[in-house]
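First listed ligand is number 1; within each ligand, the first listed atom is number 1. Just so you know, these numbers use all the heavy atoms, side chains as well, and skip hydrogens, waters and symmetry mates.
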Amino acid sequence: MDFLTASDIAHAEHPIAAPVAAEAVRALVRQLGPVPAGATFLDLGCGYGRWLMEALAAHPSATGVGVDRLLPAGLAQESTGRGLTGRVRWVEADAQDWTGDGLVDVVLCVGATHAFGGLDGTLQAVRRFLRPGGRLVLGDGIWDAPPSPAALEHLEIGADDMPDLAGLVELVQAEGWEPGHGHVSSLAEWDEYELSWTGSLTTWALHDAPTQQERTDALEIARSHRTAWLRGWRRHLGFATLVLHDVRPPGAA
Ligand SMILES: C[S@@+](CC[C@H](N)C(=O)[O-])C[C@H]1O[C@@H](n2cnc3c(N)ncnc32)[C@H](O)[C@@H]1O
């Protein structure tokens, strides 16, 4: 079983592919500051599209485009079921190469900065798509606590590869963004996300897997993910989602 198939099964009950509760998503997309009538949204690395769909629900005259290099099956059906037909378009493309449809009012990029080679690359790439004075909803990993050797080993990164919350704020400010509202994921949100991830995959492996091989593979992926979380990054790895205001005045070049 490849990791993407496992990840699809793992997200069955937590389609927000980040340790963020649905209520927090709904609150944040209402905390963008002034959003003009008929605003345009762009979600880069949209995954199962939950951030974009909640944003469009919160701003009823807005339209949006969700881009992902691998669009999950059922996305169009989900957005139609939510009454968003004609207001949302799903595009399967590499966000790095995608040229877009002109400047938008709000860009969302949550858990997907790796699409642009990391945080710095994302903060720069987003300018290609965002109207001066617009907003970026950025979600990314932070250290909640100094990482243990086990956390670094299981995440396969170095301590300097990720900032803490203060470092994240300083970094975005240095790139010309001003943080407004935001959400720092709690330990309870992390636990809910990881338990849902491993729980969905385990349940599928033991009760729904069509073959013995898929049962074995899925169970092994769930077990090693659970160990990496519990023995590795739990309580160290954090996640912050910030509403970043583009400080370029509207109309700037
Ligand atoms: C952790 S998921 C987050 C999904 C969504 N933003 C959310 O929070 O629910 C990261 C997503 O980024 C997508 N992604 C990664 N690299 C990409 C790229 N170069 N272009 C487009 N999408 C990319 C992945 O396919 C995946 O759906």
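His59 and Glu54 form no side-chain donor-acceptor contact under 3.5 Å, judged by distance and modelled atom types alone. For the residue pair Trp233 and Glu153, no side-chain donor N or O sits within less than 3.5 Å of a side-chain acceptor on the partner. Under the 3.5 Å distance criterion, with hydrogens and angles disregarded, a donor-acceptor pair is assigned to the side chains of Asp217 and Gln213.
With His14 as reference, Tyr193 is the one residue of Tyr48, Tyr193, Trp190 to meet the ring-ring contact (aromatic ring centres under 6.0 Å, His included) rule.
Protein neighbours of ligand 1 below 4.0 Å, counting non-hydrogen atoms: Pro15, Ile16, Ala17, Gly45, Cys46, Gly47, Trp51, Asp68, Arg69, Ala93, Asp94, Ala95, Val110, Gly111, Ala112, His114, Ala115.
Annotation: ring-ring contact (aromatic ring centres under 6.0 Å, His included) contacts of His154 (sequence neighbours excluded): none.
Judged by the 6.0 Å and 45° rule, Arg127 forms a cation-pi pair with Trp177.
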